[in-house]
Amino acid sequence: MNRLKYILAALCLLTFIASSAQPDETAERPQEEDVNAGEIVMEHISDSYEWHIIKIGKTDVVVPLPVIVYSSRSGWHVFASSKLYPRGTEYEGLRIATEGEYAGKIVEQTSTGEEKRPFDLSVTKTVLALWINSLILIFLVLGCAHWYKHKKADDAAPRGFVGFMEMFIMMVEEDIIKACIGKDYKKYSPYLLTAFFFIFVNNLMGIIPVFPGGANVTGNIAVTFVLALCTFVAVNVFGNKTYWKDILWPDVPMWLKFPVPIMPAIELFGIFTKPFALMIRLFANIMAGHSAILALTSIIFVTAGMGAVVSGSMTVLSVFFVVFMNCVELLVAFIQAYVFTMLSSVFIGLSRQEETE
């Protein structure tokens, strides 16, 4: 503990000295534009048509992505997104809106001067990250499957990464899927295991700050909507007769079912609120984590012009808070995958219950 105190004190002192040693140029040049932390956060958590990697001096290193749109006026357009940057630049009658309802999206101008969205099939940052993370997941799963391909049941248990994955998969299947669903759990295991590891891998890749990590995939509500929709289908399409009887004609006093179907209406409403809760919970938690880390990082730049003492001390605090938040996000990456899989299993299990006397 004493060593830790000495290290913290030395780090604060070095930061203060380094900040004090910088020449005061405020009298020689105009003050630089203030850092807009909100803009930085929103730019990261929102989707884009290019992948910004790093800024070297005044040069932005980006990965331009393919723009594929169909306009009812001019037909198909396929080109690199670099043609549309900086935002507001027009190319082939298309541009990225900088404000309004379609801010950040490709629009075209109609004959009346209004902005209109064309049919957009562009490969955005989120789409590219989904492809990369899915390939990583496939590589991990097929790599483990290849190990088992030439093994027998009485061979020694796997070690290393394959052994870790086996333990991980067995934990999810036994402690979550089987415990919540019951005897029919094997029917749903492929989907639920895929959902767990898909969310977990995307959450982990979102924490990595360098390409190909850092994308806010599971913090995109379109992605969580599709995941929740899959659970919605698994619950309601494969639900048994007992499940639908409890919804349409629940075991409650008659006056709650007829002539005014109060309870059936509430139960039908619950069919949609369950997947909606799954969608919002995953989306909000991941987006909030990304926003918090970026906001804490922005403290360094926001306080840069407040003097050496304030800037140096806040820089140290910011670094420690960011490290702490990243450690928390590692835990959240697992917890959110666990919670989504567990609740999906619970909802599926409730739809597979048998009628009891």
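- Distance check: M287 CE to L282 CG gives 11.5 Å after rounding to the nearest 0.5 Å.
- By the 4.0 Å N-to-carboxylate-O rule, R95 lies close enough to E115 to be salt-bridged with it.
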Determine whether I262 and V252 satisfy the following criterion, side chain to side chain contact (heavy atoms under 4.5 Å, CB included), listing intermediate values before the conclusion.
CA-CA 10 Å; I262 299 175; V252 295; over 6 Å; no
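- Annotation for V127 and S122: closest pair CG2-O, 4.5 Å, computed over non-hydrogen atoms.
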Show the numbers, then the answer: is there a ring-ring contact (aromatic ring centres under 6.0 Å, His included) between F168 and F197?
CA-CA 10 Å; F168 214 167; F197 285 101; 5.4 Å; yes
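- A distance of 6.0 Å or more separates the ring centres of Y191 and F196.
- Taking the side chain as every heavy atom from C-beta outward, T224 and L278 never approach each other to under 4.5 Å.
- By the ring pair (Phe, Tyr, Trp, His ring centres under 6.0 Å) test, F79 pairs with Y91, sequence neighbours left out.
- Heavy-atom neighbours of Y85 OH from other residues, nucleotides or ligands within 6.0 Å: above the threshold of 12.
- Atom-to-atom distance recorded for L193:CG and Y188:OH is 14.5 Å, nearest 0.5 angstrom.
- Both V226 and L130 are assigned to one and the same hydrophobic cluster, defined by single-linkage of ILVMFWY side chains at heavy-atom distances under 4.5 Å.
- Under the 3.5 Å distance criterion, the side-chain polar atoms of R352 are left unmatched by any main-chain donor or acceptor of V235.
- Residue K186 qualifies as open at atom NZ: its count of foreign heavy atoms under 6.0 Å is 12 or below.
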Side chain to side chain contact (heavy atoms under 4.5 Å, CB included) evaluation trace for F161 with L140
CA-CA 9 Å; F161 180 75; L140 294 176; 3.5 Å; yes
If you apply the rule ring-ring contact (aromatic ring centres under 6.0 Å, His included), what do you find for F272 with F276, and how did you get there?
CA-CA 6 Å; F272 300 97; F276 181 78; over 10 Å; no
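- Among all heavy-atom pairs drawn from E173 and S189, the shortest one is OE2-OG, 3.1 Å.
- Put simply, the side chain of E166 does not reach to within 4.5 Å of the side chain of C144, judged on heavy atoms.
- Side-chain atoms of S134 do not come within 3.5 Å of backbone N or O of W131 as any donor-acceptor pair.
- Note on F119 and I96: separate hydrophobic clusters, where clusters join Ile, Leu, Val, Met, Phe, Trp and Tyr whose side-chain heavy atoms are under 4.5 Å apart, directly or indirectly.
- Side-chain contact between P66 and V123 is present, with at least one heavy-atom pair separated by less than 4.5 Å.
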Do N202 and M205 pass the side chain to side chain contact (heavy atoms under 4.5 Å, CB included) test, and can you show the C-alpha distance, the side-chain angles, and the key distance before you say yes or no?
CA-CA 5 Å; N202 278 283; M205 290 297 292; 5.8 Å; no
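- In this structure, S71 contributes its side chain and G75 its backbone to no donor-acceptor pair below 3.5 Å.
- Considering only heavy atoms from C-beta on, F238 stays 4.5 Å or farther from D184 through its side chain.
- Here Y185 contributes atom OH and C180 contributes atom SG; the two are 13.0 Å apart, rounded to the nearest 0.5 Å.
- One distance of note links CG of N216 with NZ of K125; it measures 8.0 Å at 0.5 Å rounding.
- The shortest side-chain heavy-atom distance between T231 and P275 does not fall under the 4.5 Å cut-off.
- Under a 3.5 Å cut-off, the side chain of D60 and the backbone N or O of V62 do not form any donor-acceptor pair.
- D120 and I68 get closest at one heavy-atom pair: OD1-O, 3.6 Å.
- Residues M263 and P250 share a closest heavy-atom pair of CB-CG, 3.8 Å.
- The side-chain hydrogen bond (donor to acceptor under 3.5 Å, both in side chains) test with T218 singles out one residue from N285, N133, N203, and that residue is N203.
- Between W76 and V69 the shortest side-chain heavy-atom distance does not fall below 4.5 Å.
- No donor-acceptor distance shorter than 3.5 angstrom exists from the side chain of S344 to the backbone of T341, with no hydrogens or angles considered.
- Between L84 and V67 the shortest heavy-atom distance is CD1-CG2, 4.4 Å.
- The hydrophobic clustering, which links ILVMFWY residues whose side-chain heavy atoms are closer than 4.5 Å, places L204 and F334 together.
- Linking Ile, Leu, Val, Met, Phe, Trp and Tyr residues whenever their side-chain heavy atoms come within less than 4.5 Å leaves L135 and F198 in two separate clusters.
- Counting only heavy atoms from C-beta outward, the side chains of T124 and L128 never approach each other to under 4.5 Å.
- In plain terms, the two heavy atoms of G104 and Y49 that are nearest each other are O-CE1, 3.4 Å.
- L142 and L137 fall into different hydrophobic clusters, defined by Ile, Leu, Val, Met, Phe, Trp and Tyr side-chain heavy atoms under 4.5 Å apart, directly or through other members.
- Shown here are the side-chain hydrogen bond (donor to acceptor under 3.5 Å, both in side chains) partners of D246, two or more places apart in sequence or in another chain: there are none.
- Residue R87 holds its CZ atom at 8.5 Å from OG1 of T98, rounded to the nearest 0.5 Å.
- Using a 4.5 Å heavy-atom cutoff, the side chains of L192 and I348 are in contact.
- Distance OG1/T126 to CG/N220: 4.5 Å, rounded to 0.5 Å.
- Partner of F232 under the side-chain contact (heavy atoms from CB on, under 4.5 Å) criterion, out of V237, L227, I271: I271 alone.
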